[in-house]
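What follows is a set of notes on a single structure, which appears directly below.
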Protein chains: 2
Amino acid sequence: MENKRGIPIPTIKRFPSYLRLLKVFKEEGREMVSATMLAEELGLKPIQVRKDISFTGLEGKPRVGFEVEKLIDAIISVLGWDNVTDAIIIGAGHLGSALARYEGFGCYGLKIVAAFDTAEEKWGTGIGEVPIYPFDHLRQYIAENHVNIAVLAVPADEAQAVADRLVALGIMAIWNFAPKDIKVPSRVVLQRTDLATSFAVLSARVKRVMESREFSEEDDSW
Amino acid sequence: MENKRGIPIPTIKRFPSYLRLLKVFKEEGREMVSATMLAEELGLKPIQVRKDISFTGLEGKPRVGFEVEKLIDAIISVLGWDNVTDAIIIGAGHLGSALARYEGFGCYGLKIVAAFDTAEEKWGTGIGEVPIYPFDHLRQYIAENHVNIAVLAVPADEAQAVADRLVALGIMAIWNFAPKDIKVPSRVVLQRTDLATSFAVLSARVKRVMESREFSEEDDSW
DNA sequence: TAGATTGTTAATCGATTAACAATC
DNA sequence: TAGATTGTTAATCGATTAACAATC
């Protein structure tokens, strides 16, 4: 049974890694897999993997583990990746285009159906299979195609204004790639993928390693 | 004073948001800012902002807050963004190219100095200012230019092999954008930016909202 | 001065990890 | 059977939050 708060975010974040690995195992014809083995491959602790899996509700067999296929289905199900969801990309610049072409989204049940941009010369063209429309078509497109998710890939200084507009048009979730913290009403799901955040963690860890190396060198002189 | 483990990762992750906002304030000519105000703007709690700032070692003034400029410097310093670090991009596909062109890296003290790709037709060309070299030049380039950080933007099935090679060539940190969990020795800093992880959180939250809406509808019938 | 804000210490909360009985 | 693995319950750990004295 799920707890009131639902599955913990850290667990959710580990699910895609499990899923990728499980798909490899399935390809290899493996039918059962133990938490121990998954943990080994992903550099996690077995108990953590077991705990994570328990949130899917799937039960394993002592001594053998879990059915690969059922585990895949269970994870896909809790993530809500079993139904394809349409999404639009706002901003067809370098990043927006790269995202529009990204094939991995298919695995997540995400389908990019259109891109929108202010640049007139892009209208009517496309990024791979994804057509590019003018900004002004947003309202009509969202209404006609029942799009719930928008991927925001516009410059930082336009992000808030565009988000406001998306919210006004009834968008339910915004995946924000702009390097800007935007505000949306609480009913709208806002997810950030911020390069700065990710790089900050890397920087801090690199800095720590450098400093510990300096210390070791100093220690040598003793 | 820093604790033994260093600054908590959640705090590190919030620093870039503070930094962006502080720069806006600086632009506007504001000299002092309170934790209360930063919290308000970013949707955080004042106490959390104060706690985070305390890790920089900067002291504020009761009633007024912190000096904007000093706070900016303090955050840049703890993140290690005060010195420019050279980095190379491995893989000049759509994502690699978008990353190579990304201007925001400058603010983080990150400079992309070269890209490497296996595709012969790309050699000698460039992405914006960034030259593209063949894979075989990696060893020489890293040795001659003392590059410590590599941005990995290759297909998932090549990621591990390329990472192994980078590690062998003495790379200190790998920023992995490939949708694959790779293994590196513990001395190498590995940072993932995984679209699947980010989207998983979004999906789970969207799913939760949808389910709660279903419940509300059911509730209506009572 | 009065009151907003800081910084510290303690309480709370949530996730991870440990311990261990149940199971095949 | 013996032993590896599961699932649960309790302990630990770390981050967030609350409470409050200190300060300008």
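Chain letters run A, B, ... following the sequence lines, proteins first and then strands; every chain starts at 1.
Computed from coordinates, the B:Met32 CE to C:dT6 P distance equals 9 Å when rounded to whole Å. In this structure, B:Asp52 places its CG atom 14 Å from C1' of C:dG7, rounding to the nearest Å. Here C:dA15 presents its P atom at 18 Å from CD1 of B:Ile9, a figure rounded to the nearest Å. Between A:Lys45 atom NZ and C:dT16 atom P there is a gap of 11 Å when expressed in whole angstrom units. Regarding A:Glu40, its CD atom lies at a distance of 15 Å from the C1' atom of D:dT5, rounded to whole Å. Here C:dT8 presents its P atom at 13 Å from CD1 of B:Ile53, a figure rounded to the nearest Å. Put simply, NZ on B:Lys51 is 9 Å from C1' on C:dG7, counting in whole angstrom units. The separation between B:Leu58 atom CG and C:dT6 atom P is 11 Å, rounded to whole Å.
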Which donor-acceptor pairs under 3.5 Å do side chains of residues 170-191 of chain A form with protein atoms, sequence neighbours excluded?
from	atom 1	to	atom 2	distance (Å)
A:Trp175	NE1	A:Thr193	OG1	2.7
A:Trp175	NE1	B:Ser198	OG	3.4
A:Asn176	OD1	A:Ala178	N	2.9
A:Asn176	ND2	A:Lys180	O	3.0
A:Asp181	OD1	A:Arg192	NH1	2.9
A:Asp181	OD1	B:Ser17	OG	3.0
A:Asp181	OD2	B:Ser17	OG	3.0
A:Asp181	OD2	B:Arg20	NH2	3.2
A:Gln191	OE1	B:Arg205	NH1	3.2

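Residue A:Glu103 places its CD atom among 12 or fewer non-hydrogen atoms of other residues, nucleotides or ligands, all under 6.0 Å distant. No more than 12 heavy atoms of other residues, nucleotides or ligands sit less than 6.0 Å from atom CD of A:Glu27.
Non-hydrogen atoms lying under 4.0 Å from DNA chain D are contributed by nothing in residues 188-198 of chain B. Contacts of residues 10-27 of chain A with DNA chain C (heavy atom under 4.0 Å): A:Pro10, A:Arg14. For the contact set between residues 59-75 of chain A and DNA chain C, defined by any heavy atom under 4.0 Å, the members are A:Pro62, A:Arg63.
Ion pairing between a basic and an acidic side chain is recognised when a charged N comes within 4.0 Å of a carboxylate O; A:Glu211 and A:Lys207 show such pairing.
Sorted by first and then second residue, the ring pair (Phe, Tyr, Trp, His ring centres under 6.0 Å) pairs involving residues 146-165 of chain B (not counting sequence neighbours) form an empty list. For residues 10-43 of chain B, the set of pairs meeting the ring pair (Phe, Tyr, Trp, His ring centres under 6.0 Å) definition, not counting sequence neighbours, is empty. The stretch residues 9-19 of chain B participates, sequence neighbours left out, in these salt bridge (charged side-chain N to carboxylate O under 4.0 Å, His left out) pairs: B:Arg14-B:Asp52.
Residues forming a salt bridge (charged side-chain N to carboxylate O under 4.0 Å, His left out) with A:Lys70 (at least two apart in sequence, or on another chain): A:Glu67. Under the ring pair (Phe, Tyr, Trp, His ring centres under 6.0 Å) criterion, B:Tyr102 pairs with B:Phe105, sequence neighbours left out. Scanning for side chain to side chain contact (heavy atoms under 4.5 Å, CB included) contacts around B:Asp82 gives B:Ile76, B:Ser77, with sequence neighbours left out. Residues that satisfy the side chain to side chain contact (heavy atoms under 4.5 Å, CB included) test with A:Asn145, not counting sequence neighbours, are A:Tyr141, A:Val147.
Between B:Leu99 and B:Ala153, the shortest heavy-atom distance links the atoms CD1-CB, 4.5 Å.
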- Query: Going through the checks in order, is the side-chain contact (heavy atoms from CB on, under 4.5 Å) test met by A:Leu38 and A:Leu44?
  - Reply: CA-CA 8 Å; A:Leu38 286 169; A:Leu44 303 170; over 6 Å; no
- Message: Could you spell out the base pairing of DNA chain D as a dot-bracket line? Use Watson-Crick and G-U wobble contacts where both distances are under 3.5 Å, [ ] for crossing pairs, | for partners on a different strand.
- Response: ..||||||||||||||||||||||
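Each of D:dT5, D:dA19, C:dT16 was ranked by its minimum atom distance to the side chain of A:Ser34; first place goes to D:dT5. For B:Ile47, whose side chain is taken as the heavy atoms from C-beta onward, the closest listed nucleotide among D:dT5, C:dA18, D:dA18 is D:dA18. In this structure, the nucleotide among D:dG7, C:dT16, C:dT6 sitting nearest to the side chain of A:Arg50 is D:dG7.
Put simply, the side chain of A:Ser203 gets close to the backbone of A:Phe199: a donor and an acceptor are under 3.5 Å apart.
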